[in-house]
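Written out below as structure tokens is the structure these notes cover.
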Amino acid sequence: MADGRAGGGGAVTARPVRLGPRSVAALVLVSAVGVAAFGWPLLADGASGLAEAHAGVAPWLFAALLPLLVGVVVATISDSGVDAKAVAMLGVLAAVGAALRPLGAGTAGLEPMFFLMVLSGRVLGPGFGFVLGAVTMFASALLTGGVGPWMPYQMLSMAWFTMGAGLLPAREGLRGRGELLVLAAYGAVAAFAYGTAMNLQGWVLALPEGSSGIAFHAGEPVHENLVRFAAYCLATSMGWDLGRAALTVVLTLTIGSTVLKALRRATRRAAFEAQVTFEGTEKPHPGHFGVRRPTGPTSHTTPVSGPATPSREGRSARGDLR
């Protein structure tokens with residue numbers, strides 16, 4: 001999370017957890033599983049019971065998602081060398097995000113946790129952000145009682161949402177108001193993308209197949225179903241997605257600077273990837289570890305090393321003490 005190398009002024013630069021080859025492979029694998037879980041009904045034939053089959057995928061998806069998330073964490077630790085402090089930061093941010101979600105109570109899509117996920121992903125990087133988004137959604141579902149077949153899909157959608165913030169370009173050269181504008185724009189677009197992904201999961205179950213012009217028609221060409229899906233999103237969730245995007249933009253532009261500074265300060269102090277180095281130009285000389293040359297009137301009779309030869313005055317003093 002922090003690079004640990006000091007700059008010219010000696011301050012540690014806060015940097016995200018880097019992605020190594022193992023981390024990239026783990027993220028690609030879990031994302032491929034997620035895309036298949038979301039989109040397979042579009043490619044299915046017109047067999048009956050497709051909605052029930054789609055609902056039955058959720059437990060298997062959740063069972064596969066947990067070990068895959070652990071794999072992402074292990075791969076990140078292996079590639080970046082992060083330690084228990086990174087896991088502790090993950091737990092703290094997930095707890096804060098889970099606590100923020102009930103504040104909006106889902107009213108008109110007003111969920112303040114989304115802005116925290118954008119800023120956390122920006123500071124901590126895509127790999128850490130992916131795990132943070134999934135764990136936060138899982139914790140908030142347990143906290144609010146929102147456990148159901150939609151939960152693994154929410155975990156994946158939030159994981160992608162947070163990971164995207166970590167993939168934004170111009171990390172080092174973009175600061176201040178410009179960075180907040182970029183994050184606010186991303187938060188608005190990603191808020192609609194999150195709602196669209198969740199609509200795709202619920203669309204198959206929401207309406208009976210072929211019941212209306214916006215319902216899912218199993219076995220129909222993909223492009224025709226996508227047109228119906230777009231109409232479904234406009235008719236059912238546009239207001240919710242708009243509220244989520246607006247709140248994310250407002251919170252990012254108003255208190256985003258303070259939160260970014262706090263997150264970066266925490267990463268600098270933790271210095272998750274810092275290497276222990278010793279500063280200074282002087283090196284200890286082997287002679288410094290020898291016997292120190294005594295000073296005083298007896299220095300001409302005492303050798304530098306080896307067994308000490310007591311002087312006449314020293315022998316007399318010890319004799320007086322007996």
Side-chain angles (χ1 to χ4, degrees), residues 27 29-66 68-69 101 104 106 108-109 111 113-114 117 130-131 133-142 144-164 189-245:
L27 288 174
L29 176 60
V30 68
S31 296
V33 172
V35 170
F38 273 99
W40 73 268
L42 295 175
L43 304 177
D45 56 18
S48 61
L50 183 61
E52 291 77 6
H54 186 55
V57 169
W60 296 104
L61 177 61
F62 181 71
L65 185 58
L66 291 182
L68 288 174
L69 288 176
R101 191 183 183 195
E111 297 173 295
M113 68 177 291
F114 281 81
M117 295 297 102
F130 186 92
V131 179
V135 172
T136 301
M137 187 58 71
F138 176 68
S140 67
L142 296 180
T144 60
V147 178
W150 54 85
M151 187 180 68
Y153 296 95
Q154 287 179 330
M155 292 172 62
L156 278 169
S157 299
M158 183 58 72
W160 288 327
F161 179 93
T162 312
M163 180 181 68
V189 174
F192 281 97
Y194 173 88
T196 302
M198 290 308 302
N199 284 338
L200 184 59
Q201 177 271 329
W203 181 42
V204 179
L205 308 175
L207 301 172
E209 295 181 16
S211 61
S212 65
I214 61 174
F216 174 69
H217 290 233
E220 294 288 332
V222 174
H223 67 277
E224 294 182 8
N225 268 325
L226 288 178
V227 171
R228 298 187 187 97
F229 176 65
Y232 172 82
C233 292
L234 290 174
T236 59
S237 67
M238 180 57 66
W240 289 79
D241 296 340
L242 183 61
R244 182 187 301 113

Which distance, rounded to the nearest 0.5 Å, do you find between the [atom1] of [X] and the [atom2] of [Y]?
{"X": "M137", "Y": "R101", "atom1": "CE", "atom2": "CZ", "answer": "4.5 Å"}
{"X": "F161", "Y": "Q154", "atom1": "CZ", "atom2": "CD", "answer": "13.5 Å"}
{"X": "M163", "Y": "M117", "atom1": "CE", "atom2": "CE", "answer": "14.5 Å"}
{"X": "Q201", "Y": "T196", "atom1": "CD", "atom2": "OG1", "answer": "13.0 Å"}
{"X": "M158", "Y": "M113", "atom1": "CE", "atom2": "CE", "answer": "4.0 Å"}
{"X": "D241", "Y": "M198", "atom1": "CG", "atom2": "CE", "answer": "11.0 Å"}

For a quick test of reading the model, state the closest non-hydrogen atom pair linking [X] to [Y] and the distance between them.
{"X": "L156", "Y": "G34", "answer": "CD1-CA, 3.5 Å"}
{"X": "P149", "Y": "P152", "answer": "O-CD, 3.7 Å"}
{"X": "A37", "Y": "L61", "answer": "CB-CD2, 3.7 Å"}

Item checked: Residue pair H217 / E224, side-chain heavy-atom distance below 4.5 Å ->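 With C-beta onward as the side chain, the pair stays apart.
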Item checked: Among Y194, Y153, F38, the one residue meeting ring pair (Phe, Tyr, Trp, His ring centres under 6.0 Å) with W160 ->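 Result for ring pair (Phe, Tyr, Trp, His ring centres under 6.0 Å) with W160: F38.
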Notebook entry, point to check: Among pairs that include at least one residue of residues 146-155, which meet salt bridge (charged side-chain N to carboxylate O under 4.0 Å, His left out), considering only residues two or more places apart or in two chains?
Noted result: none
Checklist line | Side-chain donor/acceptor of W203 to backbone N/O of I214, under 3.5 Å | finding: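 Side chain of W203 to backbone of I214, a donor-acceptor pair under 3.5 Å: yes, one is there.
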Item checked: T136 side chain to G133 backbone, donor-acceptor under 3.5 Å ->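 Not confirmed, T136 side chain does not pair with G133 backbone.
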Check: For L69, what residues pass the side chain to side chain contact (heavy atoms under 4.5 Å, CB included) criterion, not counting sequence neighbours?
Finding: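 For L69 the side chain to side chain contact (heavy atoms under 4.5 Å, CB included) partners, ignoring immediate neighbours, are L65, F130, A134, M155.
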Checklist line | Partners meeting side chain to side chain contact (heavy atoms under 4.5 Å, CB included) with V189 (sequence neighbours left out) | finding: none
